[in-house]
Amino acid sequence: VFKDDKILLVKELADGLWSVPGGWADVNETPSQCAEKELFEESGFEGRAIKLLYLSDRNCHTQDYLWPHVYKAFFLCEITGGEAKSGIETLDVGFFGLNELPPLSIERITYSQIYKLFHHLQNPNEVTFFD
């Protein structure tokens, strides 16, 4: 989610660091349903997934190899309702500009991935990044 050229981040309860809202998909849940569910559960905002921005192999972007193998899907979502509030897995919710990013939970999202998401904001016709 972007608002006024800022990205929505949540402060994770697990490590006290910041990430985009996200989590594991449930059985029989589509990728967009998962993105919308996690957006609400972690930030309090209702939203709609409108575009897949980036599909990432987690093991290519962090120092710790994770098993089982994980792909991370980053969706552009638009807010349709709700209000900013933390959830059971988050401590805080905020919007941050590219030059004011808080310390990131790099096991969840890296600075490079955030830069790619901002690239999409500045270039809305950009194709999906993947690796």
Side-chain angles (χ1 to χ4, degrees):
V1 173
F2 286 99
K3 179 180 173 185
D4 300 325
D5 296 330
K6 296 183 177 191
I7 193 167
L8 173 67
L9 298 177
V10 295
K11 189 173 189 179
E12 297 286 341
L13 177 65
D15 61 9
L17 300 171
W18 293 82
S19 180
V20 293
W24 298 97
D26 293 329
V27 174
N28 296 322
E29 184 175 62
T30 68
S32 63
Q33 288 171 330
C34 179
E36 294 163 0
K37 172 196 72 177
E38 292 294 336
L39 173 63
F40 179 71
E41 289 178 355
E42 295 193 357
S43 75
F45 289 114
E46 297 169 359
R48 182 173 71 91
I50 57 177
K51 182 180 179 183
L52 177 63
L53 301 181
Y54 186 20
L55 182 63
S56 170
D57 180 328
R58 184 197 177 277
N59 288 338
C60 291
H61 298 279
T62 61
Q63 295 177 349
D64 297 326
Y65 183 82
L66 182 68
W67 190 92
H69 200 112
V70 173
Y71 289 131
K72 299 186 83 166
F74 297 91
F75 286 88
L76 176 62
C77 294
E78 64 181 3
I79 294 174
T80 60
E83 61 184 61
K85 63 180 176 182
S86 56
I88 62 171
E89 297 176 346
T90 57
L91 298 169
D92 200 1
V93 178
F95 286 89
F96 299 89
L98 185 57
N99 295 321
E100 57 186 22
L101 294 174
L104 296 180
S105 179
I106 60 171
E107 293 303 314
R108 291 175 178 83
I109 190 165
T110 66
Y111 287 94
S112 174
Q113 290 167 330
I114 289 276
Y115 299 149
K116 283 181 169 64
L117 299 178
F118 270 98
H119 179 81
H120 274 281
L121 175 65
Q122 298 160 353
N123 302 279
N125 295 323
E126 183 68 63
V127 298
T128 302
F129 289 111
F130 60 91
D131 51 20

Problem set entry | Verdict with supporting geometry, E41 and K37, side-chain contact (heavy atoms from CB on, under 4.5 Å) | CA-CA 6 Å; E41 289 178 355; K37 172 196 72 177; 3.4 Å; yes
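- A 4.5 Å side-chain heavy-atom check between E107 and D15 finds every atom pair outside the cut-off.
- A donor-acceptor pair is defined here as one N or O able to donate and one able to accept, closer than 3.5 Å; no such pair exists between the side chain of D5 and the backbone of G97.
- Proximity of a side-chain donor or acceptor of S43 to a complementary backbone N or O of V93 within less than 3.5 Å is not detected.
- Across F118 and F96, no two heavy atoms sit closer than the pair CZ-O, 3.6 Å.
- Between F40 and E46 the shortest heavy-atom distance is CD1-CG, 3.9 Å.
- From F2, atom CZ reaches atom CD of E78 across 14.0 Å, with rounding to the nearest 0.5 Å.
- V70 and L55 fall into different hydrophobic clusters, where Ile, Leu, Val, Met, Phe, Trp and Tyr are joined by side-chain heavy atoms under 4.5 Å apart, directly or via other members.
- If you run side chain to side chain contact (heavy atoms under 4.5 Å, CB included) between W18 and each of L91, L101, D92, only D92 comes through.
- Atoms CD and CD, from E36 and E29 in turn, are 9.5 Å apart once rounded to the nearest 0.5 Å.
- No donor-acceptor pair under 3.5 Å is formed between the side chain of T90 and the backbone N or O of S86.
- Less than 6.0 angstrom separates the ring centroid of F129 from the ring centroid of H119.
- Checking side-chain atoms of Y54 against main-chain N and O of H120 turns up no donor-acceptor pair under 3.5 Å.
- Considering CZ of R48 and CG of L76, their distance stands at 9.5 Å, rounded to 0.5 Å.
- When all heavy atoms are compared, the tightest approach of D57 to Y71 is CA-CD2, 3.8 Å.
- At most 12 non-hydrogen atoms from other residues, nucleotides or ligands lie less than 6.0 angstrom from CZ of F130.
- To the nearest 0.5 Å, atoms CG (L39) and SG (C77) are separated by 5.5 Å.
- I109 is listed as a side-chain neighbour of F74, based on a closest heavy-atom distance under 4.5 Å.
- The two atoms that bring E12 and S19 nearest to each other are OE2-CB, 3.8 Å, heavy atoms only.
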Exercise. When you look at L9 and V20, which way does the side-chain contact (heavy atoms from CB on, under 4.5 Å) test go after all the steps?
Worked result: CA-CA 5 Å; L9 298 177; V20 293; 3.8 Å; yes
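- Using a 4.5 Å heavy-atom cutoff, the side chains of D26 and C34 are not in contact.
- With E42 contributing its side chain and E89 its backbone, the two residues share no donor-acceptor pair below 3.5 Å.
- The neighbour count for Y111 OH, taken as heavy atoms of other residues, nucleotides or ligands under 6.0 Å away, is above 12.
- Among all heavy-atom pairs drawn from A49 and F75, the shortest one is CB-CD2, 4.1 Å.
- Counting heavy atoms from C-beta on, the side chains of L8 and I79 never come closer than 4.5 Å.
- Screening V1, L98, L121, L117 for a side chain to side chain contact (heavy atoms under 4.5 Å, CB included) with I7, the sole residue that qualifies is L117.
- Under a hydrophobic clustering in which Ile, Leu, Val, Met, Phe, Trp and Tyr are joined whenever their side-chain heavy atoms come within less than 4.5 Å, directly or via other members, L13 and L17 fall into different clusters.
- Annotation for K51 and P124: closest pair NZ-O, 3.0 Å, computed over non-hydrogen atoms.
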